[in-house]
Enquirer: 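Have a look at this one before I ask anything.
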Amino acid sequence: KELLAPNVSLFSSSSPLSCKNPTTWHCNKDGIPFFVELLERPLQSLNQNNLSLVRVRNISLAHLSEQQRQRDYQIYKAVVEGSPLLIVRLLPDTTITFANMAFCNYFGHARKEIIIGKKVYEFPPDPETRDYLITHFEAFAKNPKTLTHDNIVIAGSGQPRWVQFTDSPIFDSSGDLHEIQSVGIDIHEQKLAEIKIKQNEEKYRAILDQSNEGIALLEMETGRLYEVNRKFCEIFGYNASEMLDCQHRQLTTESEEMIKAAELELTRTAKLPVENIKVITKDGHLVEVERLAKMLMLDGKKLALISLRDVSERNRINSLLIKQAEELQSKIEQLQKAWSQTIDVLAAASEAKDPYTAGHQKRVAKLAVAIAHELALSDEQVTALRMAALIHDIGKISVPAEILTKPSRQSFLANLDFYPCWNTTWFKLTSLLVITCSACSICPGTSPTSSINIMNGWMAVAIPIN
């Protein structure tokens with residue numbers, strides 16, 4: 001009894017051989033109490049004396065540890081009960097052993113007793129999610145480690161909502177999985193925003209892949225491609241993964257000095273002007289492209305937005321069109337030369353018919369061209385006027401030679417009345433429509449009585465320039 005702590009009785013009153021308190025406090029020599037475990041075993045003696053073998057084991061540290069654990073658990077409960085996070089503890093078979101009020105309220109249960117003892121996979125709304133949770137926790141029990149996963153659950157409002165859970169293992173003293181603590185947070189709005197962003201990214205990706213221009217993002221510091229679209233890959237002949245492994249410098253024929261100058265200009269002005277460059281394809285061919293570049297910041301990185309347009313086909317077509325235009329121009333010049341020669345022949349024939357007026361048409365043409373230049377007429381009008389002047393007397397070809405060389409007044413006047421009509425007839429035969437429109441309109445439907453009547457009723461301001 002001297003070894004017992006005050007107010008502690010070792011044996012029960014009914015049986016002195018049974019321990020009343022199998023665990024109790026005792027005092028050491030210095031009077032310091034310590035916690036012991038008493039194990040009592042009765043002994044049979046030859047002299048019929050009642051004896052017991054009592055084993056005393058000091059369990060003070062274990063007792064203090066258990067007390068500390070209890071205190072810690074109470075603190076833990078106080079903390080998690082006031083937490084807005086959804087906290088639940090499960091057995092390895094997903095039976096709920098603890099849930100804080102936030103968890104209960106979120107799922108619309110006023111009392112914990114409704115939740116305690118249920119399986120956690122009873123809360124998801126659809127069989128697919130339930131099957132996922134069963135598979136998830138079965139795998140977790142085999143390989144317990146902290147995992148985070150997103151799930152759809154039915155909240156107390158009856159609406160499905162996204163919740164992110166982080167599952168952490170709790171081990172016992174032997175290292176076996178004892179419980180699973182799952183901490184959840186409502187991420188419904190965040191998840192919807194992520195889904196919207198993902199949909200927009202897929203939409204923009206589809207738009208970029210349908211673009212006829214090659215578009216890429218280039219990291220300025222590393223020179224590596226950050227993102228490419230379908231057309232960009234087609235220009236170089238690589239697939240997307242191969243393209244992202246390429247260095248910018250190996251894709252262009254530009255020298256190192258030109259590349260550095262372009263990077264400096266892009267950094268200084270945030271853009272590069274449109275220019276044509278040659279790039280190197282996967283099979284080593286050179287392709288001419290039109291390049292446009294702008295600088296932007298994305299995820300804290302300085303990137304160059306590069307747009308490439310394959311202009312090799314356009315250049316081929318342009319070269320073909322230029323060649324065809326040159327050939328057409330050559331043919332036009334040949335036709336103009338032939339036409340000019342034809343006009344000269346007609347003028348010469350007209351003057352040969354009347355040697356007295358030889359050179360008259362050329363002199364008229366020269367004067368007409370000089371006046372046209374003073375009037376600032378176009379080159380086309382000047383050329384047409386010159387040709388018209390050279391053959392303005394072409395009607396003389398239809399006048400008999402004896403009248404031209406030896407005219408009498410009667411025969412002269414008789415033929416002069418039809419002279420404009422003969423001119424018009426010859427103009428129509430030459431198909432010089434541009435410069436004969438006025439001449440055609442001059443000739444009346446009936447024979448005029450005098451050459452003066454040809455211009456009858458015309459005012460100077462009403463006479464067409466042609």
Side-chain angles (χ1 to χ4, degrees), residues 317-407 412 415-445 447-448 451-456 458-466:
I317 294 176
N318 287 343
S319 300
L320 181 61
L321 291 176
I322 291 173
K323 183 179 179 181
Q324 292 176 346
E326 291 175 349
E327 293 175 354
L328 181 61
Q329 181 63 30
S330 176
K331 291 180 180 180
I332 291 175
E333 291 175 356
Q334 291 176 3
L335 289 173
Q336 288 177 340
K337 185 177 180 180
W339 177 247
S340 180
Q341 291 173 348
T342 302
I343 294 297
D344 290 341
V345 169
L346 291 174
S350 176
E351 291 186 345
K353 192 73 177 288
D354 185 10
Y356 294 104
T357 58
H360 164 69
Q361 294 181 123
K362 291 182 179 179
R363 290 191 294 273
V364 171
K366 185 177 181 180
L367 289 172
V369 169
I371 294 172
H373 284 313
E374 287 296 324
L375 294 175
L377 299 184
S378 66
D379 292 341
E380 182 181 354
Q381 288 176 312
V382 171
T383 300
L385 188 60
R386 174 184 170 275
M387 291 183 178
L390 285 173
I391 58 173
H392 77 277
D393 272 345
I394 195 173
K396 289 191 297 183
I397 294 177
S398 299
V399 179
E402 61 272 14
I403 295 177
L404 290 175
T405 55
K406 291 183 180 182
F412 173 76
N415 287 279
L416 183 62
D417 287 339
F418 292 97
Y419 182 72
C421 294
W422 290 336
N423 265 352
T424 301
T425 301
W426 279 95
F427 277 138
K428 288 182 178 179
L429 290 175
T430 60
S431 301
L432 192 59
L433 300 179
V434 175
I435 61 175
T436 59
C437 57
S438 298
C440 292
S441 64
I442 290 174
C443 185
S447 299
S451 62
I452 299 176
N453 288 334
I454 295 173
M455 302 301 293
N456 185 33
W458 288 63
M459 300 298 292
V461 296
I463 300 176
I465 193 65
N466 286 338

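This structure is a prediction, so every number in the text was calculated from the model and none was measured.
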Enquirer: Any chance you could measure K337, atom NZ, to I332, atom CD1, to the nearest 0.5 Å?
Expert: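 Going from the NZ atom of K337 to the CD1 atom of I332 covers 16.0 Å.
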Enquirer: Among residues at least two apart in sequence or on other chains, which ones pass side-chain contact (heavy atoms from CB on, under 4.5 Å) with S378?
Expert: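 For S378, the residues satisfying side-chain contact (heavy atoms from CB on, under 4.5 Å) (neighbours in sequence not counted) are E380, Q381.
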Enquirer: Kindly compute the distance separating CD (Q361) from CD1 (I343), expressed to the nearest 0.5 Å.
Expert: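 Spacing of CD (Q361) from CD1 (I343) equals 10.0 Å.
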Enquirer: To the closest 0.5 Å, what do you measure between CG (L390) and OG1 (T342)?
Expert: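 That separation rounds to 12.0 Å.
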Enquirer: Roughly how far, to the nearest 0.5 Å, is the CG atom of L335 from the CG atom of L328?
Expert: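 Result: 9.0 Å between the selected atoms.
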Enquirer: Holding to side chain to side chain donor-acceptor pair (under 3.5 Å), I want the full list of residues that pass it with Q329, two or more places apart in sequence or in another chain.
Expert: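 E333.
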Enquirer: For residues 362-372, dump all side-chain donor-acceptor pairs below 3.5 Å to protein atoms at least two apart in sequence or in another chain.
Expert:
{"unit_1": "R363", "atom_1": "NH1", "unit_2": "G359", "atom_2": "O", "d": "3.3"}

Enquirer: Just do the side-chain contact (heavy atoms from CB on, under 4.5 Å) check on I322 and E326 with the steps written out, would you?
Expert: CA-CA 6 Å; I322 291 173; E326 291 175 349; 3.6 Å; yes
Enquirer: Would you mind reporting whether S340 and R386 have side-chain heavy atoms less than 4.5 Å apart?
Expert: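 In contact.
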Enquirer: Under the criterion side-chain contact (heavy atoms from CB on, under 4.5 Å), I'd like the reasoning laid out for H360 against H392: C-alpha separation, chi angles, the key distance, then a yes or no.
Expert: CA-CA 10 Å; H360 164 69; H392 77 277; 3.2 Å; yes
